[in-house]
A.B. asks: 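My questions will all concern the structure given below.
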Amino acid sequence: MISSQQDTKRPRLRRSGRLREYANLLFFLIAVYTLLEMAIPRSVVQQISMFPTLMEGQRLLISRVSFLFGEPQRGNIVVFEAPGALPADPPLIKRLIGLPGETLEFRDQTVYVDGQQLLEPYLNEACTIINCGDDLWKLEADEYFLMGDNRNHSRDSRVFGPVTREHLVGRAIVRWWPPAAWGVLNYTYDEVQ
């Protein structure tokens, strides 16, 4: 018969086994953190160019994966490197307005895509003639046109021109800070009148 004392004893981990477990856990955590940083980096809103959708100081999670496996869509909020930006310059955050092959026209402070007016319910205010003068842009096969929601206070494709796909970092998917402003940013549309 086996004593009850032997039944309650559990095998002990050897000290070297415990250290190995801690090292494996640490390695796993570092690997997960690195993969998340590569696939879902964080970004901070640094200007008022996307007001009222995004406020200065808010923090966003960015999905790089969404552009690896899918195409950017009109209405996406995109983080990108501006053409001609210096390596130390932070990436910009704007809304994708024009897609490859489209013709964008600015007429009477309104955006037209291939001759049809673009409905933009997210705009902060009507764009002034100084900031949104009449203009025409024909996008090439790999060009995107990005603009801020606060058009009178945005440095965007109207200034530096269309952005190629290689400059797109990713799509903003979640506003996570401050907690009161938490929300999913999945606005895509193709509304032209």
Side-chain angles (χ1 to χ4, degrees), residues 40-67 70-83 85 89-114 116-128 131-133 135-140 142-177 181-193:
I40 307 175
R42 296 178 302 268
S43 187
V44 177
V45 179
Q46 297 182 354
Q47 300 171 349
I48 61 169
S49 69
M50 285 298 292
F51 179 82
T53 307
L54 301 173
M55 310 288 192
E56 190 170 6
Q58 290 180 336
R59 291 171 175 17
L60 311 173
L61 288 180
I62 310 304
S63 171
R64 292 180 196 255
V65 177
S66 61
F67 291 165
E71 293 297 316
Q73 301 294 313
R74 186 182 338 278
N76 286 160
I77 297 174
V78 176
V79 175
F80 65 100
E81 303 288 337
D89 291 344
L92 299 179
I93 302 168
K94 308 291 179 195
R95 188 176 301 275
L96 198 155
I97 301 298
L99 300 169
E102 293 181 334
T103 300
L104 271 71
E105 182 180 3
F106 300 95
R107 185 174 4 122
D108 301 323
Q109 294 78 55
T110 303
V111 177
Y112 292 83
V113 177
D114 292 333
Q116 302 295 313
Q117 182 180 354
L118 182 65
L119 301 177
E120 300 184 280
Y122 44 77
L123 290 181
N124 178 46
E125 62 189 5
C127 197
T128 64
N131 295 303
C132 295
D135 209 346
L136 184 75
W137 294 86
K138 292 186 181 196
L139 301 178
E140 298 296 325
D142 189 38
E143 291 182 332
Y144 297 86
F145 205 88
L146 299 140
M147 297 175 73
D149 291 356
N150 194 1
R151 300 274 161 85
N152 293 317
H153 305 280
S154 178
R155 183 178 153 269
D156 51 38
S157 287
R158 293 171 294 167
V159 174
F160 48 72
V163 176
T164 58
R165 177 80 180 252
E166 68 182 288
H167 288 96
L168 302 182
V169 173
R171 180 174 65 92
I173 54 173
V174 174
R175 179 179 41 231
W176 65 274
W177 191 264
W182 188 93
V184 176
L185 301 167
N186 62 355
Y187 193 83
T188 58
Y189 72 103
D190 200 10
E191 291 189 38
V192 289
Q193 259 184 350

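Scope of the values below: all heavy atoms of this structure, side chains included, with no hydrogens, waters or symmetry mates.
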A.B. asks: Check whether any side-chain heavy atom of Y144 lies under 4.5 Å from a side-chain heavy atom of V78, and answer yes or no.
C.D. replies: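 The answer is no; the side chains never approach within 4.5 Å.
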
A.B. asks: With no hydrogens and no angle check, is any side-chain donor or acceptor of R95 less than 3.5 Å from a backbone partner on M147?
C.D. replies: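 Not confirmed, R95 side chain does not pair with M147 backbone.
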
A.B. asks: Output the distance between atom CD (E143) and atom NZ (K138), rounded to the nearest 0.5 Å.
C.D. replies: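 Output value for this atom pair is 13.0 Å.
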
A.B. asks: Within this structure, what is the CZ-CD1 distance for the pair R64 and I173, rounded to the nearest 0.5 Å?
C.D. replies: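 Reported value, rounded in 0.5 Å steps: 12.0 Å.
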
A.B. asks: For the residue pair Q73 and L96, establish whether any side-chain heavy-atom pair is separated by less than 4.5 Å.
C.D. replies: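 No, side chains not in contact.
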
A.B. asks: Measuring from atom CG of L168 to atom CZ of F80, what distance do you get when rounded to the nearest 0.5 angstrom?
C.D. replies: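 The CG atom of L168 sits 8.0 Å away from the CZ atom of F80.
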
A.B. asks: Does L139 reach the side chain of L99, with side-chain heavy atoms less than 4.5 Å apart?
C.D. replies: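 A side-chain contact is absent here, since even the closest heavy-atom pair is not under 4.5 Å.
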
A.B. asks: Ignoring hydrogens and angles, tell me if any N or O in the side chain of N152 forms a donor-acceptor pair with the backbone of A126 under 3.5 Å.
C.D. replies: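 Yes, the answer is positive, given that a donor and an acceptor are paired below the 3.5 Å cut-off.
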
A.B. asks: For Y112 versus T110, what's the shortest heavy-atom pair and its separation?
C.D. replies: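 Scanning both residues, the minimum pair turns out to be CD1-O, 3.6 Å.
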
A.B. asks: Check the pair L146, D156 against side chain to side chain contact (heavy atoms under 4.5 Å, CB included), reporting the backbone distance first and the verdict last.
C.D. replies: CA-CA 6 Å; L146 299 140; D156 51 38; 5.5 Å; no

A.B. asks: If you define the side chain from C-beta out and look only at heavy atoms, does anything of Q58 sit under 4.5 Å from I93?
C.D. replies: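 Q58 vs I93: side chains apart.
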
A.B. asks: Which pair of non-hydrogen atoms, one from F67 and one from P72, has the smallest distance, and what is that distance?
C.D. replies: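 Residues F67 and P72, closest heavy atoms: CE2-CA, 3.6 Å.
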
A.B. asks: Grab the two heavy atoms, one from M50 and one from G148, that are nearest each other, plus how far apart they are.
C.D. replies: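 Looking at all heavy atoms of both residues, the shortest contact is SD-CA, 3.7 Å.
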
A.B. asks: Go through the steps to decide whether T128 and Q109 satisfy the test side chain to side chain contact (heavy atoms under 4.5 Å, CB included), and finish with yes or no.
C.D. replies: CA-CA 7 Å; T128 64; Q109 294 78 55; 5.9 Å; no

A.B. asks: So, for L104 and G98, which heavy atoms are closest and what is the spacing to 0.1 Å?
C.D. replies: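 So the minimum-distance heavy-atom pair works out to CD1-CA, 3.7 Å.
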
A.B. asks: Do P100 and D142 have side chains that get closer than 4.5 Å, going by heavy atoms?
C.D. replies: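 Sidechains of D142 and P100: no contact.
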
A.B. asks: Aromatic contact between F145 and F106, with the criterion being ring centroids under 6.0 Å apart: yes or no?
C.D. replies: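 Between F106 and F145, which both carry aromatic rings, the centre distance is below 6.0 Å.
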
A.B. asks: Does T53 offer a backbone N or O that forms a donor-acceptor pair with the side chain of R175 under 3.5 Å?
C.D. replies: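 Here the side-chain-to-backbone pair exists.
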
A.B. asks: Consider side chain to side chain donor-acceptor pair (under 3.5 Å). Of R155, K94, H153, which one does S49 pass it with?
C.D. replies: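 Running side chain to side chain donor-acceptor pair (under 3.5 Å) over R155, K94, H153 with S49 returns exactly one hit, K94.
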
A.B. asks: Check whether any side-chain heavy atom of F160 lies under 4.5 Å from a side-chain heavy atom of L92, and answer yes or no.
C.D. replies: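 In short, these two side chains touch, coming nearer than 4.5 Å.
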
A.B. asks: Ignoring hydrogens and geometry, is there a side-chain-to-backbone donor-acceptor pair from D149 to F51 under 3.5 Å?
C.D. replies: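 Not confirmed, D149 side chain does not pair with F51 backbone.
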
A.B. asks: Under a 3.5 Å distance rule, please check whether N76 uses its side chain to pair with a backbone N or O of R171 as donor and acceptor.
C.D. replies: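 Here the side-chain-to-backbone pair does not exist.
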
A.B. asks: Measuring from L54:CG to I77:CD1, what's the distance to the nearest 0.5 Å?
C.D. replies: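 Here the interatomic distance stands at 5.0 Å.
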
A.B. asks: One thing to verify: whether R74 and E120 come together as a salt bridge, which I'm taking to mean a side-chain N less than 4.0 angstrom from a carboxylate O.
C.D. replies: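 No.
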
A.B. asks: Any side-chain to backbone donor/acceptor pair from N150 onto N124? Under 3.5 Å, distance only.
C.D. replies: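 Flag not set: sc N150 to bb N124 has no pair under 3.5 Å.
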
A.B. asks: Closest approach of I62 and A172, non-hydrogen atoms and distance?
C.D. replies: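 Shortest heavy-atom separation between I62 and A172 comes out as CD1-CA, 3.8 Å.
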
A.B. asks: Donor-acceptor check, side chain of R158 to backbone of N131, threshold 3.5 angstrom: yes or no?
C.D. replies: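 Here the side-chain-to-backbone pair exists.
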
